[in-house]
Visitor: 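Submitted below is the structure of interest, expressed as structure tokens.
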Number of protein chains: 2
Amino acid sequence: MPAPTLKDVADYAQVSRATVSRVLNNNPTVNENLRLRVIEAMHQLGYQPNRAARRLRGTTSDVLGLIISDIENPFFISVVRGVEDAAYQQRMSVVLCNSDEDPAKQSMYLRVMQAERVAGLIIAPTHADESQELAEMSRAGMPIVLLDRRTSSLNADAVVVDNVGGAFAAVRHLIDLGYRRIATISGSLKLTTGQERFEGYRQALESAGLPLDRTLIRTGDYKIESGYRLMRELLSAPHPPEAVFVANNLMTLGSLRAVHEMGLRIPHDVALVGFDDMPWSGQLYPPLTAVAQPTYELGREAVRLLLRRSTEPDAFFHTVVLQTRLVVRESCGAAIRQEKS
Amino acid sequence: MPAPTLKDVADYAQVSRATVSRVLNNNPTVNENLRLRVIEAMHQLGYQPNRAARRLRGTTSDVLGLIISDIENPFFISVVRGVEDAAYQQRMSVVLCNSDEDPAKQSMYLRVMQAERVAGLIIAPTHADESQELAEMSRAGMPIVLLDRRTSSLNADAVVVDNVGGAFAAVRHLIDLGYRRIATISGSLKLTTGQERFEGYRQALESAGLPLDRTLIRTGDYKIESGYRLMRELLSAPHPPEAVFVANNLMTLGSLRAVHEMGLRIPHDVALVGFDDMPWSGQLYPPLTAVAQPTYELGREAVRLLLRRSTEPDAFFHTVVLQTRLVVRESCGAAIRQEKS
DNA sequence: GCAAACTGAGAAAACGATTTCTAATTCTCA
DNA sequence: TGAGAATTAGAAATCGTTTTCTCAGTTTGC
């Protein structure tokens, strides 16, 4: 039993295919009687329009491409959900791909997107993206929105969070609580997020007249293991820090383990503030103080930018910066220290 | 600049469109010289076949639908990844939808899938799915694979984990460590996963000749808050349990918080085993003993079943049951107790 | 050496919608 | 009442592929 086509509906309702199409697309030039007859026929037959055919003839596709760099990072889950919800409201579907921080895989998926003739593309470019592919697609008229990270090789719409401001608020909070020797475990400086969070850390120290101490700075790779290793290094040093700002969620988990294994207590022996608030952050031991990112909004906003670009292809590029929020729990020691500001 | 079409390639290579199509589909009946000429032309023009047109004409679509019930549950992330990877190897793309445990949203997405004319559908049906839609689609010839959960309203291929065995192993482990008063915080008994994990708990007690004590059984809804509330209830009772088996990841987080807030220690005052091992399980305090599910495999296996059904539509239905593994860390007290088996 | 079988590749017909023409009505107003 | 405008809906072209049909040219079998 093949699925009913528009022609079947037309035959059943005894009208032409064009009329059925008009009803389908809410063309007002169709008589109410006929309209009802066609709708009745569609119901009777359980008709669903074939998207492939529609896309082939119509100029606008209703599929939207989303390429993220690491589906296993919980950060992206909520982003995906934001994109999906916003797209659904526009009756668009989302094709999701995962580049795994692998430039080869990314370029493969870019080709798939091109072949799919997607209406637009939302992408968190991989680590060190030097490829010209994105720029070429953009020049060829494909609406593109950069998500979370930016890349030097492409001028385009982008939606990012205020990494500098978020990191600044976190470190400033530690300073206001009276900590002076504040270390950081930063992310890769090849990613804009890594650079910016480090910059926030630097500015916060500067704003309080504190020196930038090389021995308190460690650079990781956003994975659990590097957080563990770098935290051990920091705490084993002759003159360990009083507090640490960790620049992402997974490295924070590794840091916690290191502290516990060394038999130290948080925040009494060392205070901790993380970047990225997760559903389980409040259930860690101790509950984690962290910079919350508007991940869901990030996704929604990306779709909004994409739609704007589709309708106004020549508008100036926008970069939307979403604000973060510091969620204070116990790992920073706010409850046990006097705020000295 | 419109994208080049097959016709453009044909003109450029001075052959017919049919020949280009044959080259594209590796039809061996085309002469090597022509083949090279066509491939060269495709390169020159940067040609990418239009999937919409291809899907329209061809009988087989290369899009695979995936409907999950809660994208915010970390459990599904790895499942999605498994599906995606397996699909990619078959050069298929995945359209991902999130029903949010909402039957209305699920039925909406089912219609989208039907309209997309997807090659097949992998679905974790929502809570209490009584709809006939799935059964109808199945009867209409759509290959369908049930994921993680089953539903009474449809006989179809399914891939699930051995919930009974996993729960049994977890509780049996507690028994072997010498615990006798073992409680459970179970999931909704409307879901097959909830029922089966409870059944594993029951069987483990029975196998050791322990009574099923109503006061030690609590039923939650798989959310953090219910884990928190139910654990407080259990521990405030006049005769609290020595150990607790919690039937999902989020409720486990809530349970941990409850124990900590009440000033009790794990595993000294109460031991804990969870269901579903997560990347952060080892970094909780204390590191969590949990039943690990082969989530990635779950996804891969679902794709495999789907492809088999596409090629052999009339084969008998299979249910693939994947085994779990108990990951022993510290929350069960294995390190501090003598195993008495 | 002639009929039959095989090869390779073009012409043309699908696929299921949308959209542009176009023609048949109905309406409007002098 | 009749000419022109407005409305309504059908016929046919179109989108970019795949697939079937066809046919010329070549090979094979006896």
Side-chain angles (χ1 to χ4, degrees), chain A residues 1-39 41-42 45-63 91 93 112 114-119, chain B residues 1-39 41-42 45-63 91 93 111-112 114-119 141:
Chain A
M1 175 182 61
T5 72
L6 181 142
K7 181 172 184 312
D8 298 328
V9 176
D11 291 352
Y12 190 97
Q14 308 201 48
V15 297
S16 76
R17 307 212 294 286
T19 302
V20 178
S21 174
R22 279 188 275 259
V23 170
L24 223 46
N25 295 285
N26 293 315
N27 186 321
T29 71
V30 55
N31 182 288
E32 189 60 15
N33 281 341
L34 276 196
R35 225 177 66 79
L36 291 178
R37 222 162 80 204
V38 169
I39 287 178
M42 297 198 302
L45 299 173
Y47 170 72
Q48 289 293 338
N50 181 319
R51 306 269 266 243
R54 193 167 240 192
R55 197 173 307 159
L56 177 56
R57 187 54 169 88
T59 53
T60 65
S61 132
D62 51 2
V63 175
R91 319 207 153 274
S93 24
V112 171
Q114 229 166 347
E116 267 309 334
R117 301 284 203 277
V118 294
Chain B
M1 177 182 61
T5 72
L6 181 143
K7 180 173 187 311
D8 298 327
V9 176
D11 292 351
Y12 189 97
Q14 308 201 47
V15 298
S16 76
R17 308 212 293 287
T19 302
V20 178
S21 173
R22 280 188 274 257
V23 169
L24 222 47
N25 296 286
N26 293 315
N27 185 323
T29 71
V30 57
N31 182 288
E32 188 62 14
N33 281 341
L34 277 196
R35 226 176 67 78
L36 291 178
R37 222 162 79 205
V38 169
I39 286 176
M42 297 198 304
L45 298 174
Y47 170 73
Q48 290 292 341
N50 181 319
R51 305 269 267 242
R54 193 167 242 193
R55 198 173 307 158
L56 177 57
R57 189 54 172 89
T59 51
T60 64
S61 132
D62 52 3
V63 175
R91 320 206 154 275
S93 23
R111 278 201 306 277
V112 171
Q114 229 167 347
E116 271 304 341
R117 300 286 204 277
V118 294

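Scope of the values below: all heavy atoms of this structure, side chains included, with no hydrogens, waters or symmetry mates. Throughout, protein chains are lettered first and strands after them, A, B, ... in sequence-line order, and every chain is numbered starting at 1. Here the structure is a predicted model, which is why all the values come from computation and not from measurement.
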Visitor: When you measure from the side chain of D8(A) to the backbone of T5(A), do you find a donor-acceptor pair of N or O atoms at a distance under 3.5 Å?
Guide: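 Looks like yes, one N/O pair under 3.5 Å.
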
Visitor: Using a cut-off of strictly less than 4.0 Å between a heavy atom of the residue and any atom of DNA chain D, enumerate the qualifying residues of residues 17-30 of chain A by number.
Guide: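 Here the set is A18(A), T19(A), R22(A), T29(A), V30(A).
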
Visitor: Would a 4.5 Å heavy-atom cut-off, applied to side chains only, mark L56(A) and R55(B) as touching?
Guide: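 Contact flag for L56(A)/R55(B) side chains = no.
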
Visitor: Side chain of L56(B) only, please: which of dG10(D), dC15(C), dT17(D) is the nearest?
Guide: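 In terms of side-chain proximity for L56(B), the closest of dG10(D), dC15(C), dT17(D) is dC15(C).
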
Visitor: Please state how far atom CG in L6(A) lies from atom C1' in dT18(C), giving the value in whole angstrom units.
Guide: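 In whole Å, dT18(C) C1' lies 9 Å from L6(A) CG.
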
Visitor: Write down the distance between CG (L45(A)) and P (dG16(C)), rounded to a whole number of angstrom.
Guide: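 Roughly 14 Å, once rounded to whole Å.
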
Visitor: Report the distance from atom OH of Y47(B) to atom P of dG16(D), rounded to the nearest whole Å.
Guide: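 For the pair Y47(B) OH and dG16(D) P, the rounded distance is 10 Å.
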
Visitor: If you measure from OG1 on T19(B) to CG on L24(B), what distance do you get to the nearest 0.5 Å?
Guide: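 With rounding to 0.5 Å, OG1 (T19(B)) is 12.0 Å from CG (L24(B)).
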
Visitor: Strictly below 4.0 Å: does T5(B) bring a side-chain N or O up to OP1 or OP2 of dG16(D)?
Guide: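 Looking at the OP1 and OP2 atoms of dG16(D), neither is under 4.0 Å from any side-chain N or O of T5(B).
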
Visitor: Do you know the tightest heavy-atom contact between Y47(A) and L6(A)?
Guide: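 It is CE1-N, 3.4 Å.
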
Visitor: Starting at the 5' end of DNA chain C and moving along, which residue's nearest nucleotide shows up first, N31(B) or N50(A)?
Guide: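 Residue closer to the 5' terminus by nearest nucleotide: N31(B).
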
Visitor: Measure the shortest side-chain to side-chain distance between R37(B) and N33(B) over non-hydrogen atoms and say whether it is less than 4.5 angstrom.
Guide: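 No; the side chains remain at least 4.5 Å from each other.
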
Visitor: To the nearest Å, how far apart are R35(B) CZ and dT7(C) P?
Guide: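 Going from CZ in R35(B) over to P in dT7(C) covers 18 Å.
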
Visitor: Is there a donor-acceptor pair under 3.5 Å between the side chain of N25(A) and the backbone N or O of R22(A)?
Guide: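 No.
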
Visitor: Roughly how many Å is it from NZ in K7(A) to P in dA11(D), rounded to a whole number?
Guide: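 About 11 Å, once rounded to whole Å.
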
Visitor: Test for a donor-acceptor pair under 3.5 Å between the base of dT18(D) and the side chain of R54(B), counting only N and O atoms.
Guide: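 Side chain to base: no pair below 3.5 Å.
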
Visitor: Rounded to the Å, how far apart are N33(A) CG and dT7(D) P?
Guide: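 Taking CG of N33(A) and P of dT7(D), I get 18 Å after rounding.
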
Visitor: dA9(C) C1' sits how many Å from E32(B) CD, rounded?
Guide: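 These atoms are roughly 15 Å apart.
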
Visitor: Measure from CG on L36(B) to C1' on dG8(C) and round the result to the nearest Å.
Guide: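 These atoms are roughly 16 Å apart.
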
Visitor: State whether the distance check finds a donor on one side and an acceptor on the other, under 3.5 Å, for side chain R57(A) versus base dT18(C).
Guide: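 Per atom types, the contact qualifies.
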
Visitor: So, taking the atom named CZ in R54(A) and the one named CZ in R57(A), what distance separates them when rounded to the nearest 0.5 Å?
Guide: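 R54(A) CZ to R57(A) CZ: 13.5 Å, rounded to 0.5 Å.
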
